[in-house]
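Before any comments, here is the structure.
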Protein chains: 4
Amino acid sequence: MIVPNPDRRSERARRAILSAALELCVEESFARLTMEGVAKRAGVGKQTIYRWWPSKSAVLLEAIDDRAGDTLDFPDTGDLVADLRTQMIQLARTLTDPVFAASLRGLIAAAQSDADAAESLYRTLMKPRVELCAERLKKAQQAGQVRPEVAPEDLIELLYAPLYYRLLLQHRPIDEAQIGTILDLIFPSLAPA
Amino acid sequence: MIVPNPDRRSERARRAILSAALELCVEESFARLTMEGVAKRAGVGKQTIYRWWPSKSAVLLEAIDDRAGDTLDFPDTGDLVADLRTQMIQLARTLTDPVFAASLRGLIAAAQSDADAAESLYRTLMKPRVELCAERLKKAQQAGQVRPEVAPEDLIELLYAPLYYRLLLQHRPIDEAQIGTILDLIFPSLAPA
Amino acid sequence: MIVPNPDRRSERARRAILSAALELCVEESFARLTMEGVAKRAGVGKQTIYRWWPSKSAVLLEAIDDRAGDTLDFPDTGDLVADLRTQMIQLARTLTDPVFAASLRGLIAAAQSDADAAESLYRTLMKPRVELCAERLKKAQQAGQVRPEVAPEDLIELLYAPLYYRLLLQHRPIDEAQIGTILDLIFPSLAPA
Amino acid sequence: MIVPNPDRRSERARRAILSAALELCVEESFARLTMEGVAKRAGVGKQTIYRWWPSKSAVLLEAIDDRAGDTLDFPDTGDLVADLRTQMIQLARTLTDPVFAASLRGLIAAAQSDADAAESLYRTLMKPRVELCAERLKKAQQAGQVRPEVAPEDLIELLYAPLYYRLLLQHRPIDEAQIGTILDLIFPSLAPA
DNA sequence: TAATAACCGAGACGGTACGTCCCGTCTTTGA
DNA sequence: TCAAAGACGGGACGTACCGTCTCGGTTATTA
């Protein structure tokens with residue numbers, strides 16, 4: 001496979017494609033999002049999309065990752081529950097933003113039939129944030145605030161999975177009350193004996 | 001809309017269609033599952049599918065619901081945690097069955113772009129089981145085993161969401177260890193003060 | 001290769017496609033004639049064209065053959081030169097008809113890069129007419145009007161090639177004067193010694 | 001339109017382009033000959049082709065004209081039929097040369113949809129040779145070997161059209177026998193009464 | 001017991017989008 | 001300043017499916 005020269009890449013086209021993808025994903029839905037529609041909306045040839053991305057989920061992943069930007073940080077005030085609450089509320093806001101919600105739901109949908117999409121979704125969007133959270137939890141364990149035998153990754157799943165559950169099932173809305181419930185139900189169990 | 005007469009419906013065709021849908025969903029994936037493929041595999045005209053189902057996700061939902069059969073029961077030995085463990089292990093087995101996993105992942109994917117699919121997926125597959133579990137939890141609350149101010153629906157989400165998280169993200173496998181972790185981390189918080 | 005069932009073929013679509021092909025070939029040119037354009041003009045899906053014809057030259061060949069219709073006859077008054085003149089004038093009219101000229105020029109152009117197109121062009125349009133002419137010439141030879149050692153096929157090429165030469169080179173127009181010249185220059189040589 | 005400075009033109013690039021065009025036209029066909037293919041094969045940028053030629057037929061015309069070289073001469077031994085035979089055999093050899101045949105068939109095909117290509121093809125390749133032949137015929141007329149009222153251009157068409165007919169229809173091969181037939185059938189009519 | 005519906009299989013239809021090829025133009029870097 | 005390289009916006013290719021439609025051909029009542 002011949003790889004195009006990234007130095008000659010048109011930044012204008014790149015931005016137009018990513019914007020068009022996000023817009024169309026919200027206006028329609030991921031399933032009705034088409035490469036042809038993106039090309040038309042972006043004023044770009046289809047080949048220019050295929051030159052730089054292998055699939056529509058790859059375009060959307062880059063678009064949403066660009067938009068998420070540098071929000072890679074995890075608060076550390078010393079109070080673990082307060083920090084988690086702050087961060088989870090921030091995530092809840094993101095997951096209820098129409099653009100982000102539509103994109104992420106689409107990406108997760110795509111991941112169900114496309115292992116590459118699943119892999120890059122996890123690696124790009126989720127893994128870095130999971131790792132930051134894991135570090136914060138380890139620090140709390142070292143400070144004696146959390147039982148040492150709890151694996152941070154397990155705890156992270158417990159805390160965050162209910163948000164994704166509501167994102168994907170859409171049966172109940174993601175909100176701050178949910179976050180309160182999650183923290184209330186889990187944290188009393190976590191203090192060392 | 002003209003509804004065909006269900007009395008004259010061919011049971012042979014119905015079964016062939018549902019089987020073909022499940023087979024193809026596993027062999028390929030939900031995204032590559034096509035009405036034409038199902039019709040061909042089932043030895044059936046396309047019209048026969050469209051006559052009885054509005055979409056491929058509707059076919060698959062009926063197929064998987066048929067297969068799940070009458071497993072609508074929730075153990076009640078008096079020991080809530082033991083009962084939940086039993087039931088969750090049963091669910092884990094279902095979610096790791098290739099046919100069920102492929103179908104459910106596809107249905108959830110479809111639900112991201114199709115509100116009807118989302119609604120019927122929840123109503124048909126999830127709601128009855130959620131309600132059974134809620135009843136069991138209420139009984140436990142009445143028996144003084146669980147703090148009364150905890151909403152059963154919230155607790156259910158906390159317990160089950162991590163399984164769906166792993167089903168959809170495919171980053172870690174669903175297994176019994178996970179269920180142990182979930183129960184260990186949540187239940188110490190639940191006993192009434 | 002799976003062959004579609006001709007009994008179910010839509011005559012309406014067939015006619016619309018052939019008409020659209022002829023129209024577009026004249027309005028634009030064979031090189032600018034596209035399957036997409038024909039489908040659009042005919043109000044037809046592209047697949048419906050590809051189902052019944054392998055290429056645009058095949059469509060055009062059938063269109064022009066349909067239009068030529070049953071003009072498969074060769075006059076026989078007993079006077080060979082008069083009969084040839086009659087028939088050649090008829091051909092000249094055909095070759096100067098805009099629709100026929102554009103189509104035939106396009107078909108011959110296509111034949112230069114496509115052996116199948118060349119073969120079917122010859123077999124469908126030319127061969128039957130060449131054979132009729134050859135029969136007429138043989139009859140004239142039997143009547144002692146033409147030297148018996150002349151091969152009818154050779155004579156036919158001599159008579160008709162100049163018309164095609166002008167059709168394709170477009171440097172001088174095809175007209176009755178040309179036909180007079182051709183017959184005048186060739187026939188004095190043909191009488192038996 | 002900005003015309004580039006011919007003094008700075010790269011002769012190396014020009015030769016590479018013309019060679020590549022001829023090679024590809026033979027290996028594939030004129031229809032499958034592409035500017036990109038020529039550029040790649042010639043090791044040249046596409047712009048370098050578009051700078052000096054307007055179309056692929058223009059490239060090919062120059063290529064074949066270069067190759068035909070200075071074969072612009074018409075024998076004159078005093079014996080018209082012998083001279084024509086000599087020259088026509090020479091032409092037959094050219095028309096059966098694979099490179100020349102593929103190119104000329106392609107150029108004539110292109111001429112069917114492109115008036116510029118038709119015009120430059122006639123002017124460059126055909127006209128000079130037609131004129132030489134016409135001069136030779138006029139000389140024969142002055143020598144009383146050919147009826148004076150025959151227009152040389154008409155006679156030329158009669159003589160040469162059958163060769164082009166076989167080149168383009170490919171139904172019978174061009175060979176010396178054909179040339180004998182042509183001359184035998186036409187020349188008895190030409191002597192002055 | 002014929003006729004007469006209704007569903008069945010099959011698949012042609014008008015249509016959308018796919019992913020690819022090539023067009024002719026434009027832009028960058030180097031000779 | 002021209003050349004090589006190739007990215008760009010764009011149009012058409014030939015294919016896969018969509019969801020609708022139109023055919024006979026079995027059934028399975030209803031006159």
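In what follows, chains are A, B, ... by sequence order, proteins preceding strands, each numbered from 1. Keep in mind the model is a prediction, meaning the values are calculated, not measured.
The residue among C:Arg32 and A:Gly45 whose nearest nucleotide of DNA chain F lies closer to the 5′ end is A:Gly45. Along DNA chain E, the nucleotide closest to D:Glu36 and the one closest to B:Pro6 are compared, and the more 5′ of them pairs with B:Pro6. Looking at which nucleotide of DNA chain E each of A:Thr34 and C:Gly43 is closest to, the 5′-most match is held by C:Gly43.
When each of F:dC18, F:dC8, E:dC7 is scored by its nearest atom to the side-chain atoms of B:Tyr50, the top-ranked nucleotide is F:dC18. Here the nucleotide nearest the side chain of C:Met35, chosen from F:dT20, F:dT15, F:dC13, is F:dC13. Nearest nucleotide to the C:Gln47 side chain, out of E:dC8, E:dC13, E:dG15: E:dG15. For A:Arg9, taking side-chain heavy atoms from C-beta onward, the closest of the listed nucleotides F:dC8, E:dC8, E:dC18 is F:dC8. Which of E:dC18, E:dG14, F:dA3 sits closest to the side chain of D:Thr48 comes down to F:dA3.
Applying the 4.0 Å criterion to OP1 and OP2 of F:dC8, one finds that A:Trp52 has a side-chain N or O inside that range. Contact between the side-chain N/O atoms of B:Arg8 and the OP1/OP2 oxygens of E:dC8 is not found at any separation under 4.0 Å.
Residue B:Asp7 comes nearest to B:Asn5 through the heavy atom pair N-OD1, 2.8 Å, listed as atom of the first residue, atom of the second, then distance. Considering all non-hydrogen atoms of both residues, D:Ala39 and D:Lys46 come closest at CB-CG, 3.9 Å.
Geometrically, C:Arg9 engages C:Trp52 in a cation-pi contact defined by less than 6.0 Å to the ring centre and at most 45° from the axis.
The base of F:dG19 lies close enough to the side chain of B:Lys46 for a donor and an acceptor atom to sit less than 3.5 Å apart.
No hydrogens or angles considered: nothing links the side chains of B:Arg123 and B:Ser120 as a donor-acceptor pair under 3.5 Å.
Residue contacts shown for D:Arg12 are limited to sugar-phosphate atoms, with no base heavy atom under 4.0 Å away. Residue contacts for D:Asn5: at a heavy-atom cut-off of 4.0 Å it reaches the sugar-phosphate backbone alone, with no base atom in range. Among the atoms of the strands shown, none is found under 4.0 Å from any heavy atom of B:Arg14.
Taking atom CZ of B:Arg41 as the reference point, atom P of E:dA10 lies 15 Å away to the nearest angstrom. For the pair A:Lys40 NZ and F:dG11 C1', the computed distance is 11 Å after rounding to whole Å. In this structure, D:Ile49 places its CD1 atom 10 Å from P of F:dA4, rounding to the nearest Å. Taking atom NZ on D:Lys56 and atom C1' on E:dG24, their separation rounds to 14 Å, with Å as the unit. If you take CZ of D:Arg51 and C1' of E:dC26, they are 12 Å apart, rounded to a whole angstrom. When the C1' atom of F:dA4 is taken as reference, atom CD1 of D:Ile17 falls 11 Å away, rounded to whole Å. As rounded to whole Å, 14 Å separates atom C1' of E:dC7 from atom CD of B:Glu11. We find that CG of A:Leu24 is positioned 15 Å from C1' of E:dT16, with the value rounded to whole Å.
Between C:Lys40 and C:Glu36 no salt bridge is recorded (no basic side-chain N to carboxylate O distance below 4.0 Å).
D:Glu119 is not listed as a side-chain neighbour of D:Asp116, based on a closest heavy-atom distance of 4.5 Å or more.
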